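Remember, it's a predicted structure, so these values are computed and weren't measured experimentally.
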Amino acid sequence: MEMLIRLAVSVFAIVLAVVRDTGTGLLIAMAAALALFTLWPLRHWWDRMELYGNGIVYRGTFYPVGERSKATWVGVRIAFLPSTFLQLSGCKRRIDVSFMKDAEKLFSRAYSNTIT
C-alpha cells in the first residue's frame, strides 16, 4: 500500500512538472529522486524477524529478550508516511518493523509471559 501511495505522489509530481514545462535536466533529476523515493520500501523486501525463546534475530543480528527486558514500540513519521520501530531495553539499535505484517501482535504473543 505504501508503494502505491508513493507511486501516486511521484506520478502526480512528474505530470505537474511536465504540464508546467520545466527544463529537461530538472525533469530527469526530479524523476530520479522520485524513483528513489518510490522504491525505498523495497529495501525491506527480505526483512524478517525470527522469534526465539531467548531473543530475536533480525537481519542476522541477535537481540536478547529476557525476564527484565522492556519492549517499546516507537512510531515516527519519515517523509509523510508512518514508520514503526521496536526498541528493546539493553539494545542500542532499534528494529524497523514498518513493513512486517502483524509484528507487534506476533511479538506480544511470543513474549507475553517474558516481557515486563
*May I ask you to test the Val97-Glu104 pair for a side-chain heavy-atom distance under 4.5 Å?*
no
_If you define the side chain from C-beta out and look only at heavy atoms, does anything of Val65 sit under 4.5 Å from Asn54?_
no
*Is the side chain of Ser89 donor-acceptor paired with the backbone N or O of Lys70 at a distance under 3.5 Å, no angle test?*
yes
_Using every non-hydrogen atom in the two residues, find where Ser83 and Phe85 come nearest and quote the distance to one decimal._
CB-CE1, 4.0 Å
*Is there a path from Val19 to Met30 through hydrophobic residues (I, L, V, M, F, W, Y) whose side chains come within less than 4.5 Å of each other?*
no
*With Leu86, the side chain to side chain contact (heavy atoms under 4.5 Å, CB included) member among Tyr58, Tyr63, Phe107*: Phe107
_Using 0.5 Å steps for rounding, measure from the CE atom of Met100 to the NZ atom of Lys105._
16.0 Å
*Ile56 versus Tyr111: any side-chain heavy-atom pair under 4.5 Å?*
yes
*For Thr84 and Ser98, which heavy atoms make the closest approach, and how far apart are they?*
N-OG, 2.8 Å
_With clusters defined by side-chain heavy atoms of hydrophobic residues (ILVMFWY) lying less than 4.5 Å apart, directly or transitively, does Leu34 cluster with Leu26?_
no
*Verify same cluster id: Ile95, Trp73 (apolar side-chain graph, 4.5 Å)*: yes
*Within a radius of less than 6.0 Å around CZ of Phe12, do more than 12 heavy atoms belonging to other residues, nucleotides or ligands occur?*
no
_Spatial distance of atom CE (Met49) from atom CG (Asp96) [nearest 0.5 Å]_ = 10.5 Å
*Just how far is it from atom CZ of Arg94 to atom CG of Leu88, taken to the nearest 0.5 Å?*
12.0 Å
